Amino acid sequence: MRAILTFHSIDNSGAIVSYPIKKFAELLEKLRKSNIPILSLDQILADPFKQGVVITFDDGMRSVYENALPILKEYAAPAHVFIATAAIENTENIEQAITIGDFDMLSWHEIEQLQASGIQVDAHTHRHPDMRTINKEQILEEFHLSHEILASKIGVTPNYFAYPFGYHNQLARDCAADFYKASMTTELKPLSKNYDEAAIPRLDSFYFQTSNAINNLDSSMMTMYLKLRNAMRNVKGSQCKATAK
Ligand SMILES: [Zn+2]
């Protein structure tokens, strides 16, 4: 097993971006019992043969602090949280504040607490745009703003990036490659030995919600399932392109 897992919120609301608290604890227990290590991005990307799982959270929802952190601590598990800086409270320019669904977002104090517990803070733009729809100047502004805020609030220069919604094009990948060691997409597949550092695939928690999928994390059945889901998504994508102007 060599994969990067994507979560958003860890809570029991049943929302599409929510992963239940108990199942999150069960997943970590399952990984421990299966001797699958939980790694940082530095660790898994340093060695193409390294087996393990990386846990990532997109956006910066408060439940990462309230519900995921106690479980991560119990398992001494590292993780990454990709923060959309305009979604975090106390953003200086209030006009730029965005909301992500109905979710409470982390405070800067909570983000510092995550860092102190070994959770790495990384970049997810400032305003969370679909990067296929903005020009180079706007992409660079997103990166610069996000970096300025992360540096001034918590003294962090992010190494890694997650594309908002997982959407990217050649321009976004080229810009991200100049800024980050590696950039995460939502392309649904495990991490192979060879990959494009500007478009790293991840497995979204939505697709391994069922306990059966967790039990089969390491099996060829799971690989086939993921290939099938990816193929279906690609079909949908190309249909959209065919009809969109
Ligand atoms: Zn996001």
Side-chain angles (χ1 to χ4, degrees), residues 3-11 13-19 24 41 54-69 72 79-91 96-108 110-111 114-115 119-134 138-150 153-154 156 158-169 171-173 175-176 179-189 198-209 233 237 240:
I4 302 169
L5 310 183
T6 312
F7 298 90
H8 288 81
S9 186
I10 303 297
D11 68 68
S13 70
I16 194 156
V17 294
S18 296
Y19 195 75
F24 186 70
L41 283 168
V54 178
I55 293 176
T56 67
F57 300 94
D58 280 12
D59 300 336
M61 288 157 180
R62 175 160 287 155
S63 67
V64 175
Y65 174 79
E66 287 180 340
N67 301 329
L69 183 61
L72 291 166
H80 293 255
V81 56
F82 293 94
I83 303 277
T85 43
I88 305 304
E89 67 176 41
N90 304 324
T91 297
Q96 289 175 349
I98 56 165
T99 52
I100 294 180
D102 292 327
F103 288 87
D104 285 342
M105 305 306 288
L106 290 160
S107 67
W108 290 110
E110 287 162 344
I111 293 170
L114 288 172
Q115 271 190 294
I119 311 301
Q120 288 186 49
V121 176
D122 286 299
H124 196 41
T125 73
H126 181 60
R127 304 181 189 86
H128 204 272
D130 175 346
M131 297 191 72
R132 301 168 304 179
T133 66
I134 60 177
Q138 291 167 315
I139 291 173
L140 296 180
E141 191 202 11
E142 286 292 332
F143 291 170
H144 283 300
L145 264 174
S146 137
H147 284 218
E148 277 166 27
I149 292 169
L150 289 174
K153 293 287 185 183
I154 54 170
V156 155
N159 288 321
Y160 297 104
F161 176 65
Y163 296 98
F165 316 103
Y167 295 153
H168 55 92
N169 57 14
L171 176 64
R173 290 193 296 278
C175 293
F179 265 74
Y180 303 105
K181 279 164 99 172
S183 300
M184 315 293 125
T185 69
T186 51
E187 191 192 356
L188 201 61
K189 61 181 191 185
I200 301 246
R202 291 187 295 177
L203 304 182
D204 195 284
S205 61
F206 181 71
Y207 296 104
F208 54 86
Q209 278 265 17
R233 278 162 55 118
C240 284

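Since this is a predicted model, take the numbers as computed values, not measurements. Numbering starts at 1 and runs along the sequence shown. Counting starts at 1 for both ligands and their atoms, in listed order.
Under a 4.0 Å N-O distance rule, the pair Glu141/Arg127 qualifies as a salt bridge.
For Glu66, the side chain to side chain contact (heavy atoms under 4.5 Å, CB included) criterion is met by Arg62, not counting sequence neighbours. In this view, Pro201 and Glu187, Lys189, Leu191 satisfy the side chain to side chain contact (heavy atoms under 4.5 Å, CB included) rule, not counting sequence neighbours.
When distances to the Zn ion (ligand 1) are checked against a cut-off of 2.8 Å, His8 contributes no N, O or S atom below that limit. When distances to the Zn ion (ligand 1) are checked against a cut-off of 2.8 Å, Asp58 contributes no N, O or S atom below that limit.
Expressed to the nearest 10°, the angle at the Zn ion (ligand 1) joining OD1 in Asp59 with NE2 in His124 is 90°.
Proximity of the aromatic rings of His128 and Phe165 is defined here by a centroid distance below 6.0 angstrom, and this criterion is met.
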